[in-house]
Amino acid sequence: MSETICLIRGDGIGPEVTSSAVRVVAAAGVDVEWVELPAGASALNEHGQALPERTVAAIMGHKVCLKGPLATPIGGGFVSVNVQLRRRLGLYAAVRPVRNLPGVPSRFDDVELVVIRENTEGLYSGLEHEVVPGVVESLKVATLSACTRIARWAFEYTESRGRKKVTVFHKANIMKMSDGLFIRCASKIHEAFYPDIEYEELIIDNGCMHLVADPGRFDVLLMENLYGDLVSDLCAGLVGGLGVVPAGNIVDDCAVFEPVHGSAPNIAGKGVANPLACIMSAAMMLNHMGQTAAAERIKTAYNAVLTDGDPALRTPDIGGRGTTDSFTQAMVAALG
Ligand code: ATP
């Protein structure tokens with residue numbers, strides 16, 4: 001039976017990396033009917049809207065989406081489509097597994113952590129205004145309900161994956177109310193429902209120092225929206241960069257999978273974007289859909305291509321001299 005999956009190709013390198021992932025999913029033997037949907041800067045040009053209503057409706061209907069990165073104008077312009085999508089679809093939990101890959105050069109070889117990011121609140125609430133000329137405010141929002149549901153989600157995830165420890169990054173020494181609420185909720189959920197999971201709270205600046213000194217000490221990291229954004233990229237740097245970190249935004253009735261990286265306009269159209277983060281996101285998606293054998297085949301294939309170590313196959317960001325296409329072809333051959 002064929003699977004129906006929504007596809008947003010995205011901006012910048014988005015079309016290149018999503019095309020690669022689509023080829024790899026087909027080579028893994030999954031019969032997919034892709035429902036292509038407009039979103040982002042390209043949708044604004046072609047449809048007059050950065051997030052057309054039919055895109056939201058289709059993802060709500062089909063419940064699963066693979067999404068390329070969407071460009072967000074800096075310092076003005078339309079509201080980030082990534083943020084709008086997460087809000088409209090209620091995708092409050094982002095999960096980003098960060099681990100070493102065979103043959104990918106990195107400073108550490110024992111990274112096996114997961115960043116869980118609250119996706120809907122904090123400074124991403126979009127509540128900004130000018131108080132008087134020359135003075136602006138951005139409001140950081142934290143609610144009991146959202147802090148509690150992300151804490152529950154994080155502990156549930158930790159338990160279901162057999163992981164052992166949750167570390168919450170926060171700055172409750174300064175933001176006593178908002179970050180204070182976040183850690184109180186996490187601590188309550190831990191005490192009430194998951195006392196057997198190890199629990200730790202770290203002030204985020206100290207946490208970042210520990211991350212770059214000894215990432216192997218961490219297991220699951222839980223944090224609010226902006227911290228999750230920053231720490232995800234930091235963690236990507238621990239294992240070889242943005243080209244190798246996937247993500248899923250997952251709630252009960254809807255899930256959107258996407259690479260952690262952005263649209264990388266500096267390399268768009270050059271054919272050198274690393275498609276692996278998008279391929280790994282597709283593998284996460286297949287696991288989520290119960291297509292675990294196909295997901296495992298994809299994982300085995302990229303491990304084999306990377307272990308082979310041929311620099312002509314892999315992209316420059318991970319030490320190769322290949323292209324998006326050479327890596328994709330190697331994946332297809334490994335799957336074939
Ligand atoms: P956006 O504004 O959409 O977030 P950005 O360029 O600010 O885009 P990213 O797209 O996250 O931020 O990328 C930062 C840099 O990392 C890029 O300029 C690019 O050099 C590199 N990079 C990101 N993703 C990849 C990838 N898949 N393959 C190779 N290099 C990448």
Side-chain angles (χ1 to χ4, degrees), residues 8-24 39-45 50-51 66-86 94 96-99 101 103-106 115 117 119 123-124 225-247 249 256-284 298 302 305-306 311-331:
I8 295 175
R9 291 198 179 266
D11 301 315
I13 60 172
E16 298 162 65
V17 295
T18 50
S19 293
S20 166
V22 164
R23 281 171 68 190
V24 167
S42 54
L44 188 62
N45 294 338
L51 183 59
L66 180 66
K67 176 182 144 315
L70 299 170
T72 303
I74 296 174
F78 59 83
V79 176
S80 159
V81 178
N82 297 311
V83 172
Q84 287 189 61
L85 251 186
R86 290 168 195 159
R96 298 165 168 194
V98 183
R99 62 173 68 96
L101 291 168
V104 174
S106 64
V115 178
R117 166 185 178 186
N119 248 348
L123 282 163
Y124 280 66
N225 212 338
L226 178 63
Y227 306 156
D229 183 39
L230 305 179
V231 169
S232 297
D233 276 29
L234 185 156
C235 289
L238 301 174
V239 296
L242 286 165
V244 299
V245 181
N249 305 285
V256 175
F257 297 84
E258 59 185 342
V260 165
H261 63 72
S263 60
N266 57 325
I267 53 167
K270 295 185 177 160
V272 292
N274 189 348
L276 188 49
C278 196
I279 292 170
M280 293 168 88
S281 305
M284 278 178 81
I298 292 175
Y302 64 67
V305 175
L306 293 170
L313 300 181
R314 62 176 65 195
T315 48
D317 61 305
I318 52 171
R321 48 186 160 73
T323 61
T324 314
D325 200 48
S326 65
F327 188 81
T328 310
Q329 280 184 28
M331 283 292 297

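Whatever order the structure lists ligands and atoms in, that order sets their numbers, starting from 1.
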Closest non-hydrogen protein atom to [atom], residue and atom name please, with distance?
atom: atom 9 (P) of ligand 1; answer: Gly262 N, 3.4 Å
atom: atom 14 (C) of ligand 1; answer: Leu242 CD1, 3.9 Å
atom: atom 25 (C) of ligand 1; answer: Ile13 CD1, 4.0 Å
atom: atom 31 (C) of ligand 1; answer: Ile267 CD1, 3.9 Å

So salt bridge (Lys or Arg N to Asp or Glu O under 4.0 Å) across residues 261-284, not counting sequence neighbours, yields none

Here the gap from Cys235 atom SG to Arg96 atom CZ, rounded to the nearest 0.5 Å, amounts to 10.5 Å

Taken to the nearest 0.5 Å, the spacing of Phe327 CZ from Leu306 CG works out to 5.0 Å

Only heavy atoms of [X], strictly under 4.0 Å: list the atoms of ligand 1 that pass.
X: Pro265; value: 6 (O), 8 (O)
X: Asp317; value: 29 (C)
X: Ser263; value: 1 (P), 3 (O), 8 (O), 10 (O)
X: Ala273; value: 28 (N)
X: Asn266; value: 17 (C), 18 (O), 19 (C), 20 (O)

_Any N or O of Ala71 closer than 3.5 Å to N or O of ligand 1_ = no

request  = Consider every N or O of Val272 and every N or O of ligand 1, then say whether any pair is closer than 3.5 Å.
outcome  = no

> Would a distance-only check, ignoring hydrogens and angles, find a side-chain to backbone donor-acceptor pair under 3.5 Å from Thr324 to Ala273?
Replying inline: yes

Residue set satisfying side chain to side chain contact (heavy atoms under 4.5 Å, CB included) with Leu230, at least two apart, ordered chain then number -> Leu226

| Can Glu258 and Arg86 be counted as an ion pair, charged N to O under 4.0 angstrom? | yes

Check your understanding: Is it the case that Arg314 places NZ or CZ above or below the six-membered ring of Tyr302, under 6.0 angstrom from the centre and within 45 degrees of the axis?
Key -> no

So for Thr315 against ligand 1, with non-hydrogen atoms under 4.0 Å, the contacting part is neither

Honestly, for Asn274 the part within reach of ligand 1 (heavy atoms, under 4.0 Å) is both

Practice task
State whether any protein heavy atom lies less than 4.0 Å from atom 7 (O) of ligand 1.
Solution key: no

Can you check whether a protein heavy atom sits less than 4.0 angstrom from atom 21 (C) of ligand 1?
no

